[in-house]
Amino acid sequence: MKNKDISGKTLEDVGISVLLIALFAATMVGALSDRALFNENLVMTIVSFVAVLLAAIGVTSIPVIIASLATICYIAYKIYQVFMMDAQIPGISYLWIAIPGLSVLGISLFIKGVQRLQRDNNILSKQVEDLIMIDPLTGFYNLRSMYMDIQTQISYAERNNKQISLMIIRPRYRKELKDVLKKSQYESVIVNLSKIVYDTVRLEDKVYSLDGDGTVGVLLTCDRQGAKLVEKRIRGKIDSTDAFNSIAEKPIRMEIQLGFLEYKKEYNRDAIQFKSLVEEEVAYDL
């Protein structure tokens, strides 16, 4: 990745340098040429600009063709002037042989360097995202981490003849809350709900932030009866708290949907299936 970043930056630097050299050369030709050469200098400048513009917007072959034809036509025109009109060609005019090609080459290298850096940055961003295990809003572990922990806890529970349960909690009427609350206010709802759940469960239980809508997962080291007690505590804590009253101008009555299941061997260590079954339980909590 580092080598690709360097080569992308190098392409940018070389490309912009070549383009600036070509522009400088065109400026010098226009400034130092006789007034009689104004028209041909103007035509070559316009043609070079069109080729650079097309290359800048992503057209590939056409700018090369334009630059090549411009160079060939210019050379043919100068040969015609020398042999047919016995004209003297100023030395600085020969720069037009290189300016169109250099202009297209410079902008093409620059665009290629930018594209390479963008591609590498996208790859790097995806790799970083894949490695992130913490939800930035709540500070709790995310869904990816929960799937990994479920597999670990299943193995531990089977070896030690223990039970584990998975509980999922989400705010009821999430769409309505999003419609009436500002984004920062809804984020405060998510954070407060997550903290309430975290403060209610035991230290050995793990709390996860599963999405950006406030869904919370809890991996419980207990059976179904223990999960029922946890549900009762969480619902009681949410009903009795005033943590949501100061978020908006009017107090928010927080209601939740909650579901849980105790892990069974017929789930075959499938964490995704286990979570899906618990989500069905959440959907039944009307």
Side-chain angles (χ1 to χ4, degrees), residues 125-153 164-222 226-261 271-286:
S125 297
K126 186 177 185 304
Q127 290 175 341
V128 171
E129 182 181 350
D130 290 341
L131 293 174
I132 291 176
M133 305 295 287
I134 302 294
D135 177 67
L137 180 61
T138 62
F140 296 142
Y141 288 106
N142 60 16
L143 178 61
R144 185 178 295 108
S145 179
M146 188 184 77
Y147 280 140
M148 296 173 60
D149 288 345
I150 287 177
Q151 296 287 353
T152 302
Q153 289 296 101
I164 62 169
S165 299
L166 178 62
M167 176 180 292
I168 293 179
I169 306 146
R170 65 167 59 110
R172 195 186 297 272
Y173 312 123
R174 289 179 295 174
K175 184 179 183 302
E176 290 77 3
L177 285 173
K178 282 186 174 181
D179 290 340
V180 301
L181 296 176
K182 300 177 182 177
K183 181 180 178 182
S184 59
Q185 292 174 331
Y186 188 75
E187 288 178 347
S188 296
V189 170
I190 294 174
V191 171
N192 289 349
L193 176 60
S194 301
K195 288 182 177 179
I196 289 172
V197 174
Y198 179 79
D199 293 338
T200 305
V201 301
R202 299 174 301 178
L203 291 176
E204 57 266 32
D205 300 326
K206 296 184 178 181
V207 180
Y208 305 88
S209 181
L210 303 187
D211 57 30
D213 289 335
T215 305
V216 178
V218 186
L219 190 56
L220 301 166
T221 54
C222 62
K228 286 184 177 180
L229 294 176
V230 174
E231 175 188 13
K232 184 178 179 180
R233 292 200 303 267
I234 291 175
R235 291 188 185 276
K237 189 71 173 290
I238 291 175
D239 290 339
S240 62
T241 186
D242 59 354
F244 303 98
N245 292 343
S246 59
I247 293 176
E249 294 180 0
K250 295 182 178 180
I252 299 174
R253 176 176 173 78
M254 174 56 62
E255 297 185 26
I256 61 171
Q257 291 178 285
L258 186 150
F260 61 86
L261 282 176
I272 296 178
Q273 180 192 19
F274 190 22
K275 174 179 174 289
S276 298
L277 293 173
V278 177
E279 287 178 328
E280 293 179 5
E281 295 295 319
V282 176
Y284 293 146
D285 184 22
L286 302 176

#### Entry: Flag side-chain contact, heavy atom, 4.5 Å: Val191 against Leu137
yes
### Task
With rounding to the nearest 0.5 Å, note down the distance linking CE in Met254 to CG in Asn245.
10.5 Å
### Message
When you compare the side chain of Glu231 with that of Phe260, does any pair of heavy atoms fall below 4.5 Å?
### Response
yes
### Message
As an exercise, state the distance from CG of Leu181 to OG of Ser188, rounded to the nearest 0.5 Å.
### Response
9.0 Å
### Nearest-0.5 Å distance that lies between atom CD1 in Ile164 and atom CD1 in Ile150
7.0 Å
### Message
So that I can tick it off, tell me whether Asp211 and Arg170 are bridged by a salt bridge, with the cut-off set at under 4.0 angstrom between side-chain N and carboxylate O.
### Response
no
### Message
Does Ile252 form a side chain to side chain contact (heavy atoms under 4.5 Å, CB included) with Leu177? I'd like the steps, not just the answer.
### Response
CA-CA 9 Å; Ile252 299 174; Leu177 285 173; 4.1 Å; yes
### Query
Does OH belonging to Tyr141 count more than 12 external heavy atoms closer than 6.0 Å?
no
### Query
Between Phe140 and Tyr208, is any pair of side-chain heavy atoms under 4.5 Å apart?
no
### Task
Look up atom CD in Glu281 and atom CG in Leu261, then write down how far apart they are to the nearest 0.5 Å.
4.5 Å
### Summary
Closest heavy-atom pair, Thr138 versus Ser209, reported as atoms and distance to 0.1 Å, is OG1-CB, 3.4 Å
### Message
Working to the nearest 0.5 angstrom, can you tell me the gap between Ile234 CD1 and Leu258 CG?
### Response
6.0 Å
### Pairwise side-chain contact, Met167 with Val197, heavy-atom cut-off 4.5 Å (strictly under)
no
### Message
Pair Tyr186, Arg174 - check side chain to side chain contact (heavy atoms under 4.5 Å, CB included), show working.
### Response
CA-CA 9 Å; Tyr186 188 75; Arg174 289 179 295 174; 3.6 Å; yes
### Query
Under 4.5 Å between any side-chain heavy atoms of Ile256 and Leu193, yes or no?
yes
### Query
So with a 6.0 Å cut-off around CZ of Arg202, is the heavy-atom count from everything else above 12?
yes
### Query
Within a strict 4.5 Å, meaning less than it, do heavy atoms of the Lys275 and Leu143 side chains meet?
yes
### Message
I'd like to check Thr241 versus Asn192 (side-chain heavy atoms, cut-off strictly below 4.5 Å). Are they in contact?
### Response
no
### Task
Among Leu210, Val218, Leu219, find the residue that satisfies the side chain to side chain contact (heavy atoms under 4.5 Å, CB included) test when tested with Met146.
Leu210
### Query
How many angstroms lie between atom CG of Asn142 and atom OH of Tyr147, to the nearest 0.5 angstrom?
11.0 Å
